[in-house]
4 protein chains.
Amino acid sequence: MYYKSKINVGIVGGTGYTGSELLRLLIAHPQVEIKAITSRTEAGMHVAHVFPNLINNNALDLTFVAPTDNVFDNCDIVFFATPHGVAMEQADTLLKKEIRIIDLAADFRLQDTHVFAEWYKMEHTCPHILKQAVYGLPEINRDKIKDARVIGLPGCYPTAVQLGLAPVLRAGLVDGLSLIADCKSGISGAGRKAEVNHLMAEANDSFKAYAVDKGHRHQPEIQQGLCDIAKHKDIHIDFIPHLVPMIRGIHATIYARILPEAQNANFQSLYENFYIAEPFVHVLPQGSHPQTRHVKGSNNMHIAVHRRNNLLIILVVEDNLVKGAAGQGVQCLNIMCNLNETMGLEHIALVP
Amino acid sequence: MYYKSKINVGIVGGTGYTGSELLRLLIAHPQVEIKAITSRTEAGMHVAHVFPNLINNNALDLTFVAPTDNVFDNCDIVFFATPHGVAMEQADTLLKKEIRIIDLAADFRLQDTHVFAEWYKMEHTCPHILKQAVYGLPEINRDKIKDARVIGLPGCYPTAVQLGLAPVLRAGLVDGLSLIADCKSGISGAGRKAEVNHLMAEANDSFKAYAVDKGHRHQPEIQQGLCDIAKHKDIHIDFIPHLVPMIRGIHATIYARILPEAQNANFQSLYENFYIAEPFVHVLPQGSHPQTRHVKGSNNMHIAVHRRNNLLIILVVEDNLVKGAAGQGVQCLNIMCNLNETMGLEHIALVP
Amino acid sequence: MYYKSKINVGIVGGTGYTGSELLRLLIAHPQVEIKAITSRTEAGMHVAHVFPNLINNNALDLTFVAPTDNVFDNCDIVFFATPHGVAMEQADTLLKKEIRIIDLAADFRLQDTHVFAEWYKMEHTCPHILKQAVYGLPEINRDKIKDARVIGLPGCYPTAVQLGLAPVLRAGLVDGLSLIADCKSGISGAGRKAEVNHLMAEANDSFKAYAVDKGHRHQPEIQQGLCDIAKHKDIHIDFIPHLVPMIRGIHATIYARILPEAQNANFQSLYENFYIAEPFVHVLPQGSHPQTRHVKGSNNMHIAVHRRNNLLIILVVEDNLVKGAAGQGVQCLNIMCNLNETMGLEHIALVP
Amino acid sequence: MYYKSKINVGIVGGTGYTGSELLRLLIAHPQVEIKAITSRTEAGMHVAHVFPNLINNNALDLTFVAPTDNVFDNCDIVFFATPHGVAMEQADTLLKKEIRIIDLAADFRLQDTHVFAEWYKMEHTCPHILKQAVYGLPEINRDKIKDARVIGLPGCYPTAVQLGLAPVLRAGLVDGLSLIADCKSGISGAGRKAEVNHLMAEANDSFKAYAVDKGHRHQPEIQQGLCDIAKHKDIHIDFIPHLVPMIRGIHATIYARILPEAQNANFQSLYENFYIAEPFVHVLPQGSHPQTRHVKGSNNMHIAVHRRNNLLIILVVEDNLVKGAAGQGVQCLNIMCNLNETMGLEHIALVP
């Protein structure tokens, strides 16, 4: 599937943080043309009115439109940056028009529809489409992504935890049943919804864990992903999310017990080799401490591997809105369209 | 009016930031007993459930109650920490029961009911009570506060601007018609309301002015207060508020043109003498730059006076929730009840 | 040992964050009089000049003095808020004058002088005094603290981790050899030293782990404390600290594997009963998520206990400068002087 | 002067914030090749070791070198991102080799060497070079920049204040003698120097003015720039800087009195027309409040114009490290090299 001219792209629901991040990335993408962006609440409004960071004197002339039936008809790919449940409803119509789908929500992540229903409190309405959906984690599923018609893009936490554990799980060097992922996220992960808990006066200058009582929706997704990576060996991970008083960024601190037979493994080399060809995943030198600010605004992931006796401590950082969402979506688009995988994703993190 | 035993206090609407700050101060006040605190939404809930900073193993046994008719019957003083308009409705009933009122909202601040209606978009329903209300700025109105039955507590910005200008306006040393107050506030000033604009991901790591187009409700209040202070000479001030990415604190930068006849005045001495007996207003040494953190959590105000040729630059800081709201309310209570004015207000600012 | 009149207190090195926090607490303590505070760099300077939050119009008249020989002669207790190594040098002289010592640094924490030398890169110069030193964790060592002549005050992280684990280690319900403490601290824990890493432009809006490569000095202290609590059973814990972009606060997320024989234990009750009589340690209701802001500026610790199958997840928050340092020091002073343990420590956390 | 192939660029002193920002911009610039970057302290170190945001798997192979004599010999342009005084020393040597200079420090900003000496506490050592230096504010000096051999790049505050006032000063519509610029800057403006005042625990969650007593070095530069813009009419401005607890961004609130004869002017149109052809300066719609976050990481400036009676209130935001420093430098480079002025500067601000 080659694209000689520009890729025509549509966005459903562009007024949240992943939607506006998609805009930031796609507007600057040399091979993409945004054909339509829909929003019920902002229809008729210029995108730069809602997101003044998009103001410029150049050509950008993009206005939110209402989500009518044919709005995406001349698109090659449509992104869903919507709440869970929206992509499920519209997928069939789009696919019939030969439009490929990249869903940033959870509709096409979990293959088990019972698990989906349990965690997302809604029935899955198109299990037949779900079956052909590809989990959009390029470092693991690159080949399948190439020809995918529907991509279920990984959640922000699952991206960090899976790529943090992939090398040792594939190599079978750690106990897969006692994994712990102590994860920390900036507040943009909570979305652009008016909630008292996420007011600056409530969330800044403080730190807390959350969802420890009922579990977080990313738990089953991480579980599923790690099983796939480990070739369906038995895996159990406890995933505990925390809220950091910062805007962007995820830091995963992952604990894994080294198996007795793996005590002599060189984990630094293992990680470096595993990711040697990856354009976005960077294994830092021995002894490093990755910082979320060093990937802020970029599609990069930094990983450091530490060891204490039989405990492996893996530190992973990413920008939750880029490698953890919109950037990974664009990476998938590039793969799906036979473009250079880094095209439009070469941003250097904004430091300081 | 002497109080031998404890002062019985009621609070209407204790679930916002000024309400919770009143709780913090009054719970620790040695001469106050909180008899009732009302909230429609949280009725039946222990205050420490809503505000876990109030958890302790001691005696605190305070539960939100619904705002029924007789709930404050044995109170000496009732605070209103409510939206504008609530105190107006209930004032008459309370006053008839000989209960004194301290309103933290705007119902009893503006003496001109037309101005009130214009800025607050509601008619004033008890102008007869408004007439007897005292503007609760102790440094200016201490004597009237003593015997007041109704206190209209100043807004946070007006407290800073009026006390910043009082010495020079009283002395008639600056041009009263070209005053500018460039003010900056932390986000708790916006209240505990779920609004997208005040989400941490929107408000942190950024700075903006606001209400420059339509004006801010504190503009007429400042105007009225300065006229009173200047003994009804003609005064015009332009007040421009800004939002600072911090939780608490107000910083006012006030610009005043020194009158030709006042070029030889010693402004540092003037300010020091004006506030020499004040327990909460501290004039910093010549050349100082007050910082909001140095008054965070305390009822203190720090003022510095700078001069450049004929321009006087007055820097004022306060905690908007303490000296700018709840603390000033307690200060008024102390005055009204013949207590030591600093009682329950001796907190040292939390640094760092 | 009774004190009828005021306790005379001295402070060595009052210009760091623990020193200034001691000042905040002790100035307001009803039974304490600060007799002298030393600083080489600030000698001659009024404390309010260095810490403008201490400005008031009242009596506070406290000036830094140079650390000469007899400066503390009429003190009952001297606090060291100094770098490691200073208290060791001066302890003998003070003790001979019957002055009791509370050291906020590490000189009297580790009983094994080899371990001390290894982690703090200096020889211990008074092992004979170390032997009689008491580890100042009141909830564990209250009786010994009463008569102690020298207190080695726990570090901030060790306070959180030990009190978080004490109930289950005492009861022997978890595997003591696979403990993990994933801890997060605000930046005031790094002290008031000019370092590029701790500039606001480097540390804000970011998150990182640190000292994972070489280990953190609190590791051996936690290890020692947990062994004592567990009555010298074999204990191994991995302690991983992280830096949170906030000023105050520690959040410990502690992972412990429940022993097979303890699967039916009621951990919520266990924790509630263990701390039922403690004035500062509060076990939150089942399902809670403690937030550091709810203890900011107070001596409180909040603990929540969660369980997932055989994994116990204990969440602990404290203010690193209060319960993690100065406040715990004052708590020890109260115990040592037969005062009410909460005296001068009744601050309600500053929220928001 | 045309450049067919890549522009060869050198950077002196690349370890501060303006240096690292130059790297971020120039590495991604399609027509620039960085030939050498010097640093005494980091010589021999890969740039990505010092700034891990520059890590990638691609070609970037850039190492700090010691500042030896011939290191820039094959450069077309050399940037100085150094402390004041360094560019002065090296300018002559470079110019003799036909290398053009863009100085981000103050050496070539102030044409009056007495004023320079007074504010920067050093003699100017090359007044003959200063005379030919061009002040690098493209919107005002574009033509001169084209052929400049030495650019003195404006300070961050002066860029905001001059562009904020240019339209009304050129048109002669406001009183030039009573201008006030109340400016607010994020902390990256203070540079990457280890100072206690700029520690996160000192600077976050607080707000203060600074340099009000002695004046700020940008005062004479603003003064000079405004006189030039106003065609040497008499101008007096009072510039008052403040520190905002954020990392990047400047917000200028500028107050100007409208002249009696200009009362009927349409200021919104005036501003829109003045900047209509500018690629980076955007006049927001009537009634807007620019936010610093909307230009974070971009070279854009947003301006809003408000009016209250005879007071004009101009709100200006920019990123102090981009349009206020490195970005403006690249904009000058583009002009000097006949490149498209926006080349390498098309970054969309990072929101949220």
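Chain letters run A, B, ... following the sequence lines, proteins first, then strands; residues in each count from 1.
With a threshold of 4.5 angstrom between heavy atoms, F207(A) approaches chain C through its backbone and through its side chain. Neither the backbone nor the side chain of H294(C) comes within contact range of chain A, judged by heavy atoms closer than 4.5 Å. With a threshold of 4.5 angstrom between heavy atoms, N310(C) does not approach chain A through any atom at all. Proximity to chain A involves both the backbone and the side chain of I247(C), based on heavy atoms less than 4.5 angstrom apart. There is no contact between A304(C) and chain A, counting heavy-atom distances below 4.5 Å. Heavy atoms closer than 4.5 Å to chain C are found in the side chain of H236(A), but not in its backbone. Contact annotation for V212(C): both backbone and side-chain heavy atoms come within less than 4.5 Å of a heavy atom of chain A. Proximity to chain C is limited to the side chain of K296(A), based on heavy atoms less than 4.5 angstrom apart.
A pairwise comparison of heavy atoms in A201(A) and P352(C) identifies O-CB, 3.3 Å as the closest pair. Minimum interatomic distance between P290(C) and K208(A) (heavy atoms only, all atoms of both residues): O-CB, 3.5 Å.
Annotation: maximal heavy-atom pairing with chain A below 4.5 Å, among S178(C), G249(C), S288(C), occurs at S178(C). Interface remark: of the candidates G215(A), A211(A), G287(A), A209(A), A209(A) forms the most heavy-atom pairs closer than 4.5 Å to chain C. Interface summary for chain A: among V351(C), I180(C), L315(C), V317(C), the most heavy-atom pairs under 4.5 angstrom belong to I180(C). Per-residue heavy-atom pair counts under 4.5 Å with chain A were compared for H251(C), R307(C), R257(C), and the maximum is reached by H251(C).
At a threshold of 4.5 Å between non-hydrogen side-chain atoms, the residues D182(A) and Y255(C) count as touching. By the 4.5 Å heavy-atom criterion applied to side chains, N204(A) and M246(C) are not counted as neighbours.
Using a distance-only test at 3.5 Å, with no hydrogens or angles considered, no donor-acceptor pair links the side chain of S206(C) to the main chain of Q291(A). Proximity of a side-chain donor or acceptor of R293(C) to a complementary backbone N or O of D205(A) within less than 3.5 Å is not detected.
With D213(A) as the partner, the side chain to side chain contact (heavy atoms under 4.5 Å, CB included) test is satisfied by one option alone out of H289(C), Q286(C), R308(C): H289(C).
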Checklist entry - Should D238(C) and I313(A) be marked as a side-chain contact (heavy atoms from CB on, under 4.5 Å) after you check the CA-CA gap, both sets of side-chain angles, and the distance that decides it? => result CA-CA 10 Å; D238(C) 281 295; I313(A) 304 162; 5.5 Å; no
